[in-house]
Amino acid sequence: DLEAADETARVAQTALRGSLRLSCPLSFGTRFLAPTIADMSDLHPEIELRVTLTDRFIDIIKDDYDMALRISSAPTDKSSIWRKIRPVPRVLVASPDYLSAAGSLERPEELSQHRCLGYSNLAEGETWQLGRADGVMKPMRLTPAFQCNNGDLISDLACRAQGIALLPRFIVADALNTRQLVEVLPDWSAPEIWLTAYYPPYQKLRAVPDRFTSVFESHAAKLPL
């Protein structure tokens with residue numbers, strides 16, 4: 001801890017140099033990462049940023065990354081260091097045209113009678129865990145009519161009346177505002193997921209990723225998630 005505090009103090013007074021290999025989810029990165037990258041480059045022009053946008057789960061040790069931003073369930077990883085940034089709400093959505101043709105829903109059990117669009121990297125697999133404010137939980141095991149590893153494609157298909165999707169709100173916010181999509185079962189919500197920064201399980205050379213996280217957090221607090 002003393003060494004880390006000493007490094008932090010030194011970093012605050014000196015310019016950083018070196019490289020940072022960062023992994024970030026595609027949908028999140030294309031929307032929100034540019035301001036952090038621009039600020040980091042302005043503050044520390046000698047840092048070489050190497051960013052990979054992918055929805056594939058990155059093993060930061062095996063794949064040799066210095067840092068990974070992830071949107072997932074609460075961290076339980078024992079092999080890496082992580083720092084929770086902020087929660088990312090999810091919402092069940094469908095298009096008005098789909099609901100007009102297939103019928104609206106009043107209970108989670110009715111999801112099995114509908115076309116569902118699945119996110120293949122979902123930690124819960126094909127089970128959508130839905131909870132109510134009074135603590136009642138309903139695990140709904142589904143067989144998706146369509147499945148892929150990118151939320152934007154799933155959102156676009158939902159807008160085209162292809163089924164019901166469970167997605168982070170930031171992905172469907174514009175479609176909700178324009179009524180291309182509407183919320184389904186608004187009294188039920190999925191368990192909390194988090195935007196989290198992960199680091200390899202060693203302390204050396206942490207100055208660059210730590211500084212990036214600090215800059216990123218200043219932007220993340222204002223993100224429309």
Side-chain angles (χ1 to χ4, degrees), residues 24-32 54-57 69-76 84-196 220-225:
C24 180
L26 177 62
S27 298
F28 181 87
T30 54
R31 284 171 171 83
F32 302 129
T54 178
D55 289 326
R56 179 175 69 88
F57 178 84
L69 294 174
R70 294 177 187 161
I71 296 175
S72 62
S73 53
T76 58
K84 291 166 82 171
I85 307 295
R86 58 174 294 184
V88 179
R90 288 183 288 176
V91 61
L92 277 168
V93 295
S95 74
D97 287 344
Y98 172 82
L99 295 174
S100 176
S104 58
L105 290 79
E106 296 183 1
R107 299 178 297 119
E109 290 85 354
E110 296 171 3
L111 283 167
S112 62
Q113 304 165 24
H114 286 262
R115 287 176 55 87
C116 292
L117 310 175
Y119 179 64
S120 57
N121 289 348
L122 193 67
E124 301 95 329
E126 295 178 357
T127 299
W128 289 359
Q129 299 280 352
L130 299 177
R132 210 166 52 192
D134 59 6
V136 173
M137 293 295 297
K138 296 276 188 180
M140 296 291 104
R141 182 159 182 81
L142 307 168
T143 301
F146 173 83
Q147 195 171 40
C148 81
N149 68 342
N150 179 258
D152 282 309
L153 178 55
I154 295 171
S155 175
D156 285 348
L157 286 170
C159 288
R160 296 172 186 271
Q162 294 301 299
I164 298 171
L166 173 62
L167 290 168
R169 181 176 287 275
F170 74 83
I171 290 179
V172 296
D174 289 343
L176 287 170
N177 289 337
T178 58
R179 298 288 295 176
Q180 289 179 280
L181 294 175
V182 295
E183 289 194 42
V184 175
L185 298 173
D187 293 333
W188 296 82
S189 60
E192 196 171 67
I193 59 175
W194 279 79
L195 172 60
T196 306
K222 296 175 272 188
L223 292 180
L225 299 184

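These numbers were taken from a predicted model, which means no experiment stands behind them.
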Please report the shortest heavy-atom distance between Phe146 and Ile154, naming the atom on each side.
CE2-CG1, 4.4 Å
Tell me, please, which residues at least two apart from Arg132 pass side chain to side chain donor-acceptor pair (under 3.5 Å).
Asp134
Spacing of Ile164 atom CD1 and Leu142 atom CG [to the nearest 0.5 Å]:
9.0 Å
Minimum heavy-atom separation for Trp128 and Cys116, please, with both atom names.
CH2-CB, 3.9 Å
Leu181 to Ser95 - nearest heavy-atom pair and separation
CD2-N, 3.7 Å
Give the minimum heavy-atom separation between Arg86 and Ala221, together with the two atoms involved.
NH1-O, 3.7 Å
Can you find a heavy atom in the side chain of Pro191 that is under 4.5 Å from one in the side chain of Arg90?
yes
Going by side chain to side chain donor-acceptor pair (under 3.5 Å), name the residues that satisfy it together with Asn149, two or more places apart in sequence or in a different chain.
none
Just wondering, do Leu92 and Leu130 contact through their side chains at under 4.5 Å, heavy atoms?
yes
Verify, without hydrogens or angle tests, whether Ser100 (side chain) and Pro96 (backbone) share a donor-acceptor contact under 3.5 angstrom.
no
Here the pair of heavy atoms bringing Ser27 nearest to Asn150 is OG-ND2, 3.5 Å
What I'd like to find out is whether the side chain of Arg70 reaches to under 4.5 Å of the side chain of Phe57, using heavy atoms alone.
yes
Provide the closest heavy-atom pair for Leu153 versus Cys148 in the form atom of the first, atom of the second, distance.
CD2-SG, 3.9 Å
Supply the atom-to-atom distance Met137 CE to Trp188 CH2, rounded to the nearest 0.5 angstrom.
8.5 Å
I need the Thr127 OG1 to Lys138 NZ distance, nearest 0.5 Å.
14.5 Å
Sorted by chain and residue number, the salt bridge (charged side-chain N to carboxylate O under 4.0 Å, His left out) partners of Asp152 (sequence neighbours excluded) come out as Arg31
Residue pairs, two or more places apart or on separate chains, that pass side chain to side chain donor-acceptor pair (under 3.5 Å) and touch residues 153-173
Arg169-Glu183
Any heavy-atom pair between the side chains of Leu225 and Pro168 that's under 4.5 Å?
no
Tyr119 vs Asp55 side-chain heavy atoms within contact, under 4.5 Å:
yes
Close side-chain approach of Ile193 to Ser72, heavy-atom, < 4.5 Å
no
How many angstroms lie between atom CZ of Arg115 and atom CG of Leu157, to the nearest 0.5 angstrom?
9.0 Å
Hits for salt bridge (charged side-chain N to carboxylate O under 4.0 Å, His left out) against Glu106, two or more places apart or cross-chain, chain-then-number order -> none
Taking the side chain as everything from C-beta on, heavy atoms only, tell me whether Phe170 gets closer than 4.5 Å to Leu223.
no
I'd like to check the side chain to side chain contact (heavy atoms under 4.5 Å, CB included) partners of Ala102; sequence neighbours left out, ordered by chain and number.
Tyr98, His114
How many angstroms lie between atom CG of Leu69 and atom OG1 of Thr196, to the nearest 0.5 angstrom?
9.0 Å
